[in-house]
Amino acid sequence: MLTNLLEQIGVSAKSNDFQQITITIKEARIHFSYYKTLINQEQFHHDILSFMQISNCEVHALHELESMIPIEGIKMSSQLDDILLGLTRGAIFVQMDPQLHEGLLIEIPNPKLGRRDYNDTQNEFSVVGPKIGFVENLDTNLTLLRKGLSTEKLKFEELTIGSMSKTRVVIASIEGLTNPQHVNTARQRLLDLDFDVVFETSLLEQLITDNSNSPFPVFLSSERLDRIMYSLLNGEMAIICDGSSSIITGPTSLFSFIISPEDYYLPWIMGSFFRLIRYFGVAFSIFATSFYVAILTFHYTVIPRDLLGPIIESRSNVPFPPLLEVLFLEITIELLREAGSRLPTKVSQTLGIVGGIILGQAAVAAGLTSNILLIIVSLSALASFTTPIFKISNTIRFLRFPLIILASIWGGLGIMIGLILILGHLLRLKSLGTPYIVPLFPFRINSFSDSIIRSNYTMLYNRFFTTRPLSKQRFTVRSNNRDVGDDYNNE
């Protein structure tokens, strides 16, 4: 039978890195329990142990000890679960004789333990604009957001998720702007989770998604500070997970995955042009190879006469039907991509050169594929990476395969059937209860100014209605009055 907390903690925390030490100051016995691999040992020895021994004061109770230690955030606790949770997060539990039924929980975690110091973006690049990204430390990410949005209305709500990992998860929102319904829905889904270990926000995204059987991501995941700040300012809520360098935001729409932060740093004409290029790249990547199969299998009469000769010549040595020819190249591209993403950078670059140039030319020379299809598949793979969010490029690559199969069975009709099935799925898909393809459905013409294109800032003074923000207006448009003192304008 364990009679006090000191013995209960010692029995519960059986590990080689767990330590319990006792010091004596003026006949007062003080007990320390902690994990030496988690705490900031320099601060522990300097601010607690050395300070107590140097001060040499008489201590008779825990509240006297609390006022003596020069560290903020000390709390009294007598609950074993809370104490064990605090110890696993880098806290020190301090007790005194004979007051062993309670103690002081002092948080001195090592913030640099196992974390990287640099916070450049790793997967989302842009030529223009800031390069600040999030890191795996939750407190650092919260600091970056707090520094970027210097408003007292930015609220953080911390939860503990994961029965084994006890991961710290924070819901960020802006009071008076973010719709409380979205925050309540996200909070309820997180609290309903019964999962053992939460590694990353991508795992949380799958656990709280509206439709776990959809290939489309329903939460926007980003490691860029400016993108998350923009989402919060548009009335979305964000979920931040300790140990993850990506933050997810919602509710979001399909068009948000095509938008790059760089669009807002360029003149609106250039921003709109590059955004349209991305839409074209997505459409080309999804449908190019399926159209190739459909035309060569069923609709070869639509091929222009001048193009018919080169196509026949390029396929004259290929013994396979168009379906097998396309699947061979598409699977080869996917194998190269998967192998390249698992190898070190220098090796993956070599693999890309070998696979893209040597292997492609060898396949054409061996008669396994035509050179025209090689160009189409290469452009299709290239176009799939024009999207700024990596997760949607995976969806694009996946959608190509069922469309190729349907095109080989029914030709153009098969592609239409596939397109209808995709649109039907998108119509039913929701993100935190909000339609996924808004403003197309439900149709809202006012929101097209920052979805298909990026309009002039004089037309972007209202926030997206899709997030149903409590405050609709972002800023006031400057008047068209001429500048005072400008001689040329006042002539």
Give the table of side-chain donor-acceptor pairs shorter than 3.5 Å for residues 100-109, with sequence neighbours excluded, one pair per line with atom names and distance.
residue	atom	partner	partner atom	Å
Glu102	OE2	Gln99	NE2	2.9

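- Counting only N and O atoms by type, the side chains of Arg146 and Thr151 include no donor and acceptor under 3.5 Å apart.
- Applying the side-chain contact (heavy atoms from CB on, under 4.5 Å) test to Pro215 and every residue at least two apart in sequence or in another chain returns Thr395, Phe398, His425.
- Considering only residues two or more places apart in sequence or on other chains, Asp139 meets the salt bridge (Lys or Arg N to Asp or Glu O under 4.0 Å) condition with Arg168.
- Residues satisfying the ring-ring contact (aromatic ring centres under 6.0 Å, His included) test with Phe443, not counting sequence neighbours, are Phe448.
- Not counting sequence neighbours, the partners of Phe18 by the ring-ring contact (aromatic ring centres under 6.0 Å, His included) test are Tyr35.
- With sequence neighbours left out, the salt bridge (Lys or Arg N to Asp or Glu O under 4.0 Å) criterion links Lys75 to no other residue.
- The side-chain hydrogen bond (donor to acceptor under 3.5 Å, both in side chains) search around Ser202 returns Glu200, Lys391, not counting sequence neighbours.
- Among pairs with a residue in residues 217-247, those fulfilling ring-ring contact (aromatic ring centres under 6.0 Å, His included) read Tyr230-Tyr264, at least two apart in sequence or across chains.
- Looking at Ser246, its side chain never comes within 3.5 Å of a backbone N or O of Glu223 through a donor-acceptor pair.
- By the ring-ring contact (aromatic ring centres under 6.0 Å, His included) test, Phe32 pairs with Phe44, sequence neighbours left out.
- Remark: His45 NE2 is packed, more than 12 non-hydrogen atoms of other residues, nucleotides or ligands lying under 6.0 Å away.
- Here Tyr457 pairs with nothing under the ring-ring contact (aromatic ring centres under 6.0 Å, His included) rule; sequence neighbours left out.
- By the salt bridge (Lys or Arg N to Asp or Glu O under 4.0 Å) test, Asp263 is found to be paired with Arg275, Arg278, residues two or more places apart in sequence or in another chain being considered.
- Qualifying salt bridge (Lys or Arg N to Asp or Glu O under 4.0 Å) partners for Glu334, counting only residues two or more places apart in sequence or in other chains: Arg397, Arg400.
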